[in-house]
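These notes are about the structure you will find just below.
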Amino acid sequence: MGNTITETILVNHIVEGETVPGKEVALKIDQTLTQDATGTMAYLQFESIGIPRVKTELSVSYVDHNTLQSDFRNPDDHRYLQSIAQKFGIHFSRPGNGICHQLHLERFAEPGKTLIGSDSHTPTAGGIGSFAIGAGGLDVSVSMAGLPYRLKYPKVMGIKLTGELSDWVSAKDVILEVLRRLGVKGGVGYVLEYFGPGVKTLSVPERATITNMGTETGATTSIFPSDEITKSFLEAQERGNSWTELVPGEETDYDEILEINLSEVEPLAALPHSPGKIKTIRELAGLDVQQVAIGSCTNSSLLDMKRVAGILKGKTISETLHLTISSGSRQVVDHLIESGEMGYLVQAGARILENACGPCIGMGAAPPSGAVSVRTFNRNFLGRSGTKDADIYLVSPETAAATAITGVLTDPRDLGKYEKAEMPGKFNINDNMFLPPLSPDESEKIEIIRGPNIKPLPEFHPMPNKLEGEVLLKVGDDITTDHIMPAGAKILPFRSNIPEISKFVFGVIDDTFPKRALDKKGGFIIGGENYGQGSSREHAALAPKHLGIKAVVVKSFARIHLANLVNFGIVPLTFKDPNDYDNIDQGDDISIEIGNLDKIVKLTNETRGLEIELEHSLSDLDKEILKVGGKLPWVKKQVK
Ligand code: MIC
Ligand code: SF4
């Protein structure tokens, strides 16, 4: 018997705990990344921990989300982030350089290393064999302070790839096929590890597309082996020295196996409003489309853009739609300019956007009312595009480009002859938009620059033994962090200002929620399965905390959101019997005996005179953290 790659890397990094699935282990973290929308909060927290310099091998601060500078707020945050990076020994990626995950893959990610990022798509680096996990900003700042990262030891699902992709079918279709099989909850508690003869048919950027969107299955992370293909990619990025081989396990080493024959995969789409709602393009073909958007951390590599350029060459986009293209990095753009392929995009009528998240996070390019927008992104949650009644379909770059030409959803196989796009043997390397860390002496002279929108963190108080109040909101299954704490051009600039951003909590579901919560001096939220799926944004816990939310009681939680609730002192509880969900309504007065957070916690529905048993999956440490009011007060004691 061999070892899975997951096991090999974890065993090398475990500093505490046993390798038993479901048991908590503490991991040494080699690298961290942050982006600006979660980064300002992460660094405010890092500052308050009070250590002079990061303790990781490498930490990078990227600016890619809030790049629409409609007033002073976003640029002020960027300036703050730059000064923080220079103060604390962190690499700084300047705005315009590209999307964090694409850049990290190109310039920093290494096979066999652990990486924590304050963004749920950090697993993109799994395409190069890095064990890369998304987490809340506070967990990232704690890792930067040199403390280990704690997680439940995962089970490993081996995804066996056989065969080879057909012409016009791409890596995006593979991950959509995985989502078709697993849905948006099927990966919970697992690492998705790819193995089998099909692996060698996929390049690193293709593997990264797959690990990127593995997040949408709820998996802890996804990872590919590190092989000769990984080596060539690293060499082409002049980083051959950081290559190590990572050989996958044998079939019997995995807790579960899912087999995908690449030759049988066909062009697919995720339908509104969930990445897990999959149909074939053949079934949907002919649907009128008003917008096509190509880019995001899932599909913005040079290979993706070259394929799109090849399809658009000599064509004009349909007059019934708009096409936006955002490349993942300056390296990608540089190559497209050099090869002339950028010309094909421009000549076809594409609107070339900045190398940033852009429309993926609702930063511009909102679709028209009631429109169908076809995107190469990874999320299509309700309202995320900026237009609540728009229908977003998630597809491959090939399908998106074909659709841009015809004006209706089009199977790219109908385009006829396929021309293979090739990556260059050597990438153009130009790191001049990365600012490297300063020496400790130089760092000491740096002043941290804070704009007026950067407000201090809320205060955290110890948890009482009994929680009382009203059920302020009852929601159903699969509530995403985009429901809880929406993003977009209007709201994202308040990421450093918790009192302001709190006014938008649950805006897409019930815009009276924030005021009602404040008027009632807080209360409770009741939810269904997979509560908090989606992003790592800790604002989905911090802002409800500011509004006085004491506990969230649901049928089940998504991993990162659960951790964020604990971090900010909101008690995450689940129904012992899911049918009890029907025994509580919005408006009911309830009380919860917290005590020592024993296995079973008692909830009393005072309005209905009922008692309900609740459970939790909290470790002893989580309980300790909740008792003192959150992770920040807890961590301050640890580093003293
Ligand atoms: C997302 O894709 O939802 C985001 C925006 O990248 C988030 C992070 C954030 O909310 O800032 C994520 O995926 O973690
Ligand atoms: Fe940015 Fe979209 Fe990727 Fe999130 S999913 S990191 S918003 S490109």
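Whatever order the structure lists ligands and atoms in, that order sets their numbers, starting from 1.
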Quick one: [atom1] on [X] to [atom2] on [Y], what's the gap to the nearest 0.5 Å?
X: H104; Y: C297; atom1: NE2; atom2: SG; value: 13.5 Å
X: T38; Y: L33; atom1: OG1; atom2: CG; value: 8.5 Å
X: L192; Y: F224; atom1: CG; atom2: CZ; value: 10.0 Å

Are [X] and [Y] linked by a side-chain donor-acceptor pair shorter than 3.5 Å?
X: D76; Y: N453; result: no
X: T32; Y: S59; result: yes
X: D64; Y: Q35; result: no
X: Q331; Y: Q237; result: yes
X: T480; Y: H483; result: yes

Check each atom of ligand 2 against the heavy atoms of [X] and keep those under 4.0 Å away; list them by number with element.
X: H121; result: 5 (S)
X: N378; result: 5 (S)
X: C360; result: 2 (Fe), 5 (S), 7 (S), 8 (S)
X: D119; result: 6 (S)
X: I361; result: 7 (S)

So, [X] and [Y], do they make that salt bridge, N to O below 4.0 Å?
X: R307; Y: E206; answer: yes
X: R495; Y: D36; answer: no
X: R150; Y: E24; answer: yes

For [atom], closest protein heavy-atom neighbour:
atom: atom 1 (Fe) of ligand 2; answer: C357 SG, 2.3 Å
atom: atom 11 (O) of ligand 1; answer: R495 NH1, 2.8 Å
atom: atom 8 (C) of ligand 1; answer: Q35 NE2, 3.2 Å
atom: atom 7 (C) of ligand 1; answer: S535 CB, 3.2 Å
atom: atom 13 (O) of ligand 1; answer: S120 OG, 2.6 Å

Ligand 1 versus [X], non-hydrogen atoms closer than 4.0 Å: side chain, backbone, both, neither?
X: D119; answer: both
X: H539; answer: neither
X: R384; answer: side chain

Any M485 heavy atom less than 4.0 Å to ligand 1: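 No heavy atom of M485 comes that close to ligand 1.
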
Go through ligand 1 atom by atom and flag the ones less than 4.0 Å from a non-hydrogen atom of [X].
X: H65; answer: 4 (C), 5 (C), 6 (O)
X: S536; answer: 12 (C), 14 (O)
X: R537; answer: 1 (C), 3 (O), 5 (C), 9 (C), 10 (O)
X: I361; answer: 5 (C)
X: A37; answer: 11 (O)

N/O/S from C297 sitting under 2.8 Å away from atom 3 (Fe) of ligand 2: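 True for C297.
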
Mutual orientation of the aromatic rings belonging to F513 and F506 [parallel < 30°, tilted 30-60°, perpendicular > 60°]: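 Taking F506 first and then F513, their aromatic rings stand perpendicular (interplane angle over 60°).
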
Nearest neighbour of atom 7 (S) of ligand 2 from the list H65, M363, H101, on a heavy-atom basis: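 That would be H65.
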
Test side-chain hydrogen bond (donor to acceptor under 3.5 Å, both in side chains) applied to T481 and S535, S120, S536, the passing residue: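 By the side-chain hydrogen bond (donor to acceptor under 3.5 Å, both in side chains) criterion, T481 pairs with just one of S535, S120, S536: S535.
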
Within reach of ligand 2, part of T298 (heavy-atom separation under 4.0 Å):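 Near ligand 2, T298 shows nothing, with every heavy atom at 4.0 Å or more.
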
